[in-house]
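Indexing begins at 1, ligand by ligand and atom by atom, following the structure's order. Keep in mind that the numbers below use all heavy atoms, side chains included, and drop hydrogens, waters and symmetry copies.
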Amino acid sequence: MCVGLRYKTGDYLAVYPIAPDDEVDRLLSALGWQGKASVPLLISALEGCVAVSKVPSPTSANAIFRYYVDICGPVARDSVKDLAQFAPTPDARNLLLTLGKNKDAYHAFTNKNYVTLGRLLSLAAPGVVWKDLPLSYLLETMPATQPRCYSIASSSIISARRLAITVGVEKRPLVEEPSTEIKGLTTNYLLALANSVQKIGVVPSYQLSGPAGALEGHKIYAAIRRSKFKLPTLPITPIIMIAAGTGMAAFRGFIQERARLKSIGKPVGPMVLFFGCRNPEEDYLYRQELEEARDELGGVFEIVTAFSRVSEHERQYVQDAIRRKAKEFCELLDQDASLYICGRASMAREVSKTIRDGLVAQKGWDQAQLRRWTDSMKRGNKWLEDVWG
Ligand SMILES: Cc1cc2nc3c(=O)[nH]c(=O)nc-3n(C[C@H](O)[C@H](O)[C@H](O)COP(=O)(O)OP(=O)(O)OC[C@H]3O[C@@H](n4cnc5c(N)ncnc54)[C@H](O)[C@@H]3O)c2cc1C
């Protein structure tokens, strides 16, 4: 990805998504706005109204739903109840009131149906236009589209103006209809963009050229977000990196940076990467690059893997790999290693617990000693986590 942004190794890229065409069309159609979707609209605030900050003016219904308000996320129970006042039929009104007031009914409905605003309106009143639901109400009450953060997977000392991100495409099966996939907004948008570069068609489709063609030429709206997830100031300081899946992203930048420093004669401290994925043939991200870096770094860089889906082998997760290496792990910490964990929150929880248990076992610490040590590591930015989900 090539963008004119300045970043530092370990920063994030915040990506602004675009809603897919089918969701925009579904909502416009439920509102009866298809014929006037591109009509210019001037947006001005009534007293106490916050809607204006979400969208530029003039704009259009098409642009509002595509770029500025989030029409793809789940619709909260309170919002479902509030929409009942605009229902075009008594049945739709009753359904929305029931879902809005009854938690169990809402959960049963969302387990069975893929719910976005447009889908909800057409499920509640199939084929009927919601002519009493004003655009101004949606603008006022719907959340603005939020950017999603991605760890930058390149080093700023090697590639200052061209950065990389590593994106896992989100698809979650609907609980009671597993053949229906609920697609993550930003990751599927980025997939469509990547496919368009390679001229591969993709469903759903997106207006990738952006508002008034501003994103023509495979551009995206994005910004750099500064992070504290940084390499130690001294390259000689040992580092322990722990990741599963796309959590590898930031460490790719770290490893590239240290390999470059070593290649120009700087002394580089020991580095261990604990990496977990399903299967080395499927999702071992950057395997070749990592193995080349290990060879270049000659002995200071170790990769410890754990695979959870290799047939006829016991499932291994990244915390199991840490357990296997508990003694070496503690020795590195004794040498003042900085500790980094990156990936899903569930993985980070398991890993943190394994590290704590390992320290208690290796050092014979009690809980108070353990707490003092972890607190001081975290305060000193020696234990850093980038977690999500
Ligand atoms: C500091 C940080 C760094 C990160 N780095 C990376 C990284 O390097 N690589 C990476 O891949 N990710 C990273 N992430 C996660 C990333 O920011 C996104 O959260 C992730 O990619 C999903 O975004 P999305 O827009 O595709 O999914 P979203 O649209 O936000 O959806 C999230 C989940 O909700 C479900 N969902 C969406 N809409 C609905 C609906 N209407 N009803 C029910 N369920 C729904 C989706 O199926 C999905 O499982 C990072 C996060 C943080 C905070």
Side-chain donor/acceptor pairs under 3.5 Å, residues 289-303, sequence neighbours excluded:
residue: E289; atom: OE1; partner: R252; partner atom: NE; Å: 2.9
residue: E289; atom: OE2; partner: R252; partner atom: NE; Å: 3.3
residue: E289; atom: OE2; partner: R252; partner atom: NH2; Å: 3.1
residue: E291; atom: OE2; partner: R287; partner atom: NE; Å: 3.2
residue: E292; atom: OE2; partner: Q288; partner atom: NE2; Å: 3.1
residue: E302; atom: OE2; partner: K325; partner atom: NZ; Å: 2.9

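- Tracing side-chain contacts under 4.5 Å through hydrophobic residues (I, L, V, M, F, W, Y), one reaches W33 starting from V55; they form part of the same cluster.
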| request: Output, in order, the C-alpha distance, side-chain angles, deciding distance and verdict of salt bridge (charged side-chain N to carboxylate O under 4.0 Å, His left out) for K363 and D334. | output: CA-CA 11 Å; K363 294 187 175 286; D334 287 342; 2.6 Å; yes
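- Under the 3.5 Å distance criterion, the side-chain polar atoms of Y284 are left unmatched by any main-chain donor or acceptor of F275.
- Protein residues with a heavy atom closer than 4.0 Å to ligand 1 are Y12, C72, G73, P74, Y114, V115, T116, R148, C149, Y150, S151, T166, V167, G168, E170, R172, I182, G184, L185, T186, T187, T246, A249, W388, listed by chain and number.
- Side-chain contact between I64 and I71 is absent, with no heavy atoms from C-beta onward closer than 4.5 Å.
- A salt bridge links E23 to R26: at least one charged side-chain nitrogen sits closer than 4.0 Å to a carboxylate oxygen.
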